[in-house]
Participant: 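There's a structure below that I have some questions on.
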There are 2 protein chains.
Amino acid sequence: MNVIGMFIRDQRKRAGLTQEEFALRSGLGLRFIRELEQGKQTVRLDKVNQALKMFGHVAGPVPMDGEYRT
Amino acid sequence: MNVIGMFIRDQRKRAGLTQEEFALRSGLGLRFIRELEQGKQTVRLDKVNQALKMFGHVAGPVPMDGEYRT
DNA sequence: TAAATATATACCCGAACGGGTATAATATGA
DNA sequence: TCATATTATACCCGTTCGGGTATATATTTA
């Protein structure tokens with residue numbers, strides 16, 4: 001569903017972190033991490049970026065339903 | 001500064017729309033459009049997506065400071 | 001199976017987003 | 001120049017995010 005939420009969940013698991021550990025390390029609330037990974041749409045962008053930054057990413061405009069390569 | 005804000009401003013001007021017109025067509029508040037284009041970080045993601053959608057884009061994870069091609 | 005770990009759901013509540021609006025500043029054009 | 005259009009700044013205020021916390025559910029492991 002939500003691209004960003006899936007990305008965070010994937011990267012987090014790939015890093016072998018629990019939601020709690022990731023919340024701690026990123027300085028975000030556990031509640032927020034959960035809502036983000038579950039695809040909540042009305043999250044705040046700065047918090048999203050704070051999470052993405054942990055994996056060297058930021059939120060940016062990407063073509064709808066389109067693929068993009070790094 | 002903010003990638004998304006710059007993107008919206010660019011696309012909007014390219015489309016020959018004023019902030020007011022764009023706010024109307026996108027169903028967003030004029031206040032929000034301005035804050036977004038001025039790089040406000042603490043905006044809500046769903047509103048950002050509502051704006052990006054007008055130009056066929058959505059917010060997604062992109063490599064930090066990295067280029068990406070469509 | 002049971003115990004332990006991880007994730008999900010529900011609540012309280014302070015802080016702040018964002019719509020609307022009014023006014024100021026800036027840009028554009030005749 | 002002056003008039004108009006566009007953008008920026010400031011305020012009020014209802015709605016809601018998100019931190020923290022407690023509890024329930026699900027998953028993993030012995």
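Both backbone and side-chain heavy atoms feed into the values below; hydrogens, waters and symmetry mates do not. Numbers restart at 1 for each chain; the letters A, B, ... are given by sequence-line order, proteins then strands.
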Participant: Hey, is the main chain of B:Leu45 close enough, under 3.5 Å, to the side chain of A:Gln41 for a donor-acceptor pair?
Facilitator: no
Participant: Want to settle it: does B:Thr42 or B:Arg34 sit nearer the 5' end of DNA chain C, counting the closest nucleotide to each?
Facilitator: B:Thr42
Participant: Of the options C:dG19, D:dT7, C:dT7, whose atoms approach the side-chain atoms of B:Lys47 most closely?
Facilitator: C:dG19
Participant: Is B:Val58 reachable from B:Leu36 through a run of I, L, V, M, F, W or Y residues, each pair having side-chain heavy atoms under 4.5 Å apart?
Facilitator: no
Participant: Is A:Phe7 close to A:Leu52 at the side-chain level, that is, under 4.5 Å between some pair of heavy atoms?
Facilitator: yes
Participant: Quick one: is B:Gln19 getting a side-chain N or O under 4.0 Å of the D:dA8 phosphate, OP1 or OP2?
Facilitator: yes
Participant: Any sub-3.5 Å donor-acceptor pair from A:Arg9's side-chain atoms to A:Glu37's backbone N or O?
Facilitator: no
Participant: Establish, with yes or no, whether the OP1 or OP2 oxygen of D:dT7 is under 4.0 angstrom from a side-chain nitrogen or oxygen of B:Arg31.
Facilitator: no
Participant: Is the shortest side-chain N/O distance from B:Lys40 to OP1 or OP2 of C:dA16 below 4.0 Å?
Facilitator: no
Participant: Tell me whether the side-chain N/O atoms of A:Gln38 come closer than 4.0 Å to OP1 or OP2 in C:dT9.
Facilitator: yes
Participant: Starting from the 5' end of DNA chain D, give me the residue, B:Thr18 or B:Arg44, whose nearest nucleotide shows up first.
Facilitator: B:Thr18
Participant: Give a yes/no answer on whether the side chain of B:Arg9 brings an N or O atom under 4.0 Å of OP1 or OP2 in D:dA8.
Facilitator: yes
Participant: Under a cut-off of 3.5 Å for both distances of each Watson-Crick or G-U pair, what dot-bracket string does DNA chain C give, using [ ] for crossing pairs and | for inter-strand pairs?
Facilitator: ||||||||||||||||||||||||||||||
